[in-house]
There are 2 protein chains.
Amino acid sequence: MEQRVDPSPTLQDVAKEAGVSVATASRVLNGSSRTVGKDNVERVLRAAGKLGYAPNLSAQATARGSTKTVALVVSDIADPYFSTLAAGVLEGAEAAGLIVTMAVADRSAERECRIVATLRGYRPHVIIVAGSRLDGPRDALVEELRAYVAAGGRAAVISQPGLPFPTVAIDNAGAAKDLALALADEGYRRFAVIRGPAGLHTSRDRCDGFLAGLRQAGIEVCRVLDTEFTEDGGYAAASRLIAAGLDDVELLFAVTDAMAIGAMRAVRDAGLVPGHDIAVAGFDDIGPATDVSPALTTVRVPLHEMGKRAMDLALSGADPAEVQWMPTQPVLRTSTPTSTPDSVS
Amino acid sequence: MEQRVDPSPTLQDVAKEAGVSVATASRVLNGSSRTVGKDNVERVLRAAGKLGYAPNLSAQATARGSTKTVALVVSDIADPYFSTLAAGVLEGAEAAGLIVTMAVADRSAERECRIVATLRGYRPHVIIVAGSRLDGPRDALVEELRAYVAAGGRAAVISQPGLPFPTVAIDNAGAAKDLALALADEGYRRFAVIRGPAGLHTSRDRCDGFLAGLRQAGIEVCRVLDTEFTEDGGYAAASRLIAAGLDDVELLFAVTDAMAIGAMRAVRDAGLVPGHDIAVAGFDDIGPATDVSPALTTVRVPLHEMGKRAMDLALSGADPAEVQWMPTQPVLRTSTPTSTPDSVS
DNA sequence: GACGTGTTGGAATGCGTTTTCCCCACGCAT
DNA sequence: ATGCGTGGGGAAAACGCATTCCAACACGTC
């Protein structure tokens, strides 16, 4: 059984079928400024329908010199943090009639840079990079992006203020500080924080901000645990903490919801009850944060909104130095009950 | 301050800079079958580096008549089910040197079809549609996809056996039956199931399979609740059930982890303890299933693997009728404790 | 009926690549 | 010398489309 492949119909095919020139066919099929005769419109449309014509977007792109795509690079699409961001970007793109091509950098700065270089080959309308969770120098990335905008592209980044491109970000330190104050206000006094590698801005800012908040509340001592920036990292750190005895800690703050959820698992696995024997708080308010029980106290970050905003920012040709700060807000849930939990003796 | 845009350097620029023809430049810059003189290679490479040349992939695509992209359409990228699938596809694409462009259909069959039509314009190397959670007739989609493969494209679908394209799927009914049997084996006798709209194959198959399993275990009666195919749907249905009194149910099976998690929330909000007052089970084993507490009993579906496999399947030019059945497996966790939970009186 | 004025169709040109096709020079055997 | 294969180079024709430029034509006005 032969598999016959007759290539996609081209504009020429449509034109011939309709008995008009390619020029007119092109004009009706993509709403040029020129007007076309009523009956010709009709005929072209019918021909296109009959042939199942779909314009070759690549050819269109080379002819026009511009595309209708946005390139999005994220660290890990399976992470709710990034998938929510991505959903926002997709929504914004949809609204603007753009389609998005996306690649994952797998939390490697080097891969991220290579990806941007590749994506740049598509001459996308805009490039958005959401890679706050990467480590290492961003010089290569900046250079790549700079070349892109020098050639007329629009770029935007998410969560990495300091880069010379329009940015949407949150005040990690401030938000963490607010959370600390809110928690202190609830009566908590003895804290431990779980954070990621020192090289990570996000982690550092949140940890520092939290500690600053505690200091402002008159709390000076606080245990700080270093670990991986993942759920398993949170599990490991919490396990360590528990093994060392947590007589002197009432509340465990992890710089990330994922880590906090890992920590909660460790607490449970140790036979303790999170929210009862020890309070837990996270940061990001990803979807699962409200599903775990006790529901996780955290700081709400408008992830979806941020993705959309990044699109708008890039599209609007914002000033490279513009940083759009998004509002955050501590949300206290049952993982940090109002009455100070009984310490386990 | 003028924003000077000098467009990206073209192959011509590189050729001129190197003092050779575009033909040779093209040959060295993308490894054609032709061989090029040693020194010319050197010069072209240096020129390209100096100019920061990045080939215009669109132009390349029109010239070659083929692209190196795969188009992926999912229902909702923020849903862990789909984002895990997407991660698998991305991994497979990466391995094949392809980049993926992706769009979300927002759980609308009509949008899904339109999206495929648009994506087709990019003449992608392969199209993968993962839309198991859609309702309604797929004829338009099938037609669109058929036109695509007729023109030489490779298509694959995930989780919708019956469509005339290579498919990776799981045996929903069988898996649900296995789960039912395993649960009956644990001693459970009184069940209720929460399912989605009747038009959804996935929902129907899982519910029917579960009931079949129960029957096989000698259990005939079972309450069935209809609701939305979402977490909130699960919440609503469970609330209804609880309001009606759940003296006669020990275990609540929701056809989806998301729905099950919603149900657990409802249980807790009613002042009961899931896993203690009533057992809960789901289906899919999405990430959050292991994070909630009690950890959710469910059937493990190799989502990530399925995404990757779909790529391979499409790439291998599989027979349109080929359905790759992926293994599933009930995983019993603490939301269905081994000792039958005490019924609440 | 000559002359703008507007509208519409088509031919031609260009976009950045790839890919034929042709040519040249060189080395080797006859 | 002549013939011939071969490795390497360039000119130019696609690729599928957008767009600019021109010609043709219709209409209305003086």
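Chain letters run A, B, ... following the sequence lines, proteins first and then strands; every chain starts at 1. Given the structure is predicted, the values throughout are model-derived calculations rather than measurements.
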(message) Within the 4.0 Å heavy-atom criterion, would you say A/Gly65 contacts the bases, only the backbone, or no part of the nucleic acid?
(response) nothing
(message) Side-chain N or O of B/Asn30 versus OP1/OP2 of C/dT18: is the shortest distance under 4.0 Å?
(response) yes
(message) Would you say B/Thr24 places a side-chain N or O within less than 4.0 Å of OP1 or OP2 belonging to D/dG10?
(response) yes
(request) Check the distance between D/dC17's P and A/Leu51's CG and give it to me in whole angstrom. (result) 12 Å
(request) Identify, between B/Asp39 and A/Arg64, the residue whose nearest nucleotide on DNA chain D lies closer to the 5' end. (result) B/Asp39
(message) Please report the distance, rounded to the nearest Å, between CG in B/Asn56 and P in C/dG14.
(response) 18 Å
(request) Kindly point out which of C/dT19, C/dA11, D/dC17 is positioned nearest to the side chain of A/Ala23? (result) C/dA11
(message) Would you compute the distance between atom CE of A/Met102 and atom CG of A/Leu119 and round it to the nearest 0.5 angstrom?
(response) 11.0 Å
(request) Rounded off to whole Å, could you give me the CZ-to-P distance for the B/Arg27 and D/dG8 pair? (result) 11 Å
(request) Hey, could you give me the OG1/CG distance between B/Thr62 and A/Leu57, rounded to the nearest 0.5 Å? (result) 12.0 Å
(request) Please state how far atom CZ in B/Arg34 lies from atom P in C/dC21, giving the value in whole angstrom units. (result) 13 Å
(message) Using 0.5 Å steps for rounding, measure from the CD atom of A/Glu144 to the CZ atom of A/Arg146.
(response) 12.0 Å
(message) Given C/dG9, D/dG9, D/dC17, identify the nucleotide with an atom nearest to the side chain of A/Asn40.
(response) C/dG9
(message) For a quick test of reading the model: is some side-chain N or O of A/Thr10 closer than 4.0 Å to OP1 or OP2 of D/dG16?
(response) no
(request) Could you tell me the separation between the CD atom of A/Gln12 and the P atom of C/dA11, rounded to a whole number of Å? (result) 11 Å
(request) Return the 5'-most residue of the pair A/Val22, A/Lys38 with respect to DNA chain C, ranking by each residue's nearest nucleotide. (result) A/Lys38
(request) Quickly work out the A/Tyr122 OH to C/dG16 P distance and round it to whole Å. (result) 18 Å
(message) What's the closest nucleotide to the side chain of A/Gln60 if the choices are D/dG10, D/dC17, C/dG9?
(response) D/dC17
(request) Mind checking side-chain contact (heavy atoms from CB on, under 4.5 Å) for B/Asp39 and listing every partner two or more places apart, or none if nothing turns up? (result) none
(request) To the nearest Å, give me how far apart NZ (B/Lys16) and P (C/dG16) are. (result) 12 Å
(message) Quick check for you: among D/dG16, D/dG9, D/dC15, whose closest atom lies nearest to any side-chain atom of B/Ala63?
(response) D/dC15
(request) Using only side-chain N and O atoms of B/Tyr53, determine if any of them is under 4.0 Å from OP1 or OP2 of C/dT17. (result) yes
(message) Closest approach to the side chain of B/Ser26, judged atom by atom: which nucleotide of D/dT19, D/dG7, C/dT19 is it?
(response) C/dT19
(message) Could you report the tightest heavy-atom contact between A/Pro55 and A/Gln60, atom names first, then the distance?
(response) CB-OE1, 3.5 Å
(request) Could you check which of D/dC17, D/dG9, C/dG10 has an atom nearest any side-chain atom of A/Val20? (result) C/dG10
(message) What is the separation between atom CG on B/Leu29 and atom C1' on C/dT18, rounded to the nearest whole Å?
(response) 13 Å
(message) Here's a test of your reading of the structure: between A/Val36 and B/Leu11, which maps to the more 5' nucleotide of DNA chain C?
(response) A/Val36
(request) Inspect the contact between B/Lys38 and B/Glu42 and indicate whether a charged nitrogen and a carboxylate oxygen are less than 4.0 angstrom apart. (result) no
(request) Between D/dG10, C/dT17, C/dC15, spot the one nearest the side chain of A/Thr62, thanks. (result) C/dC15
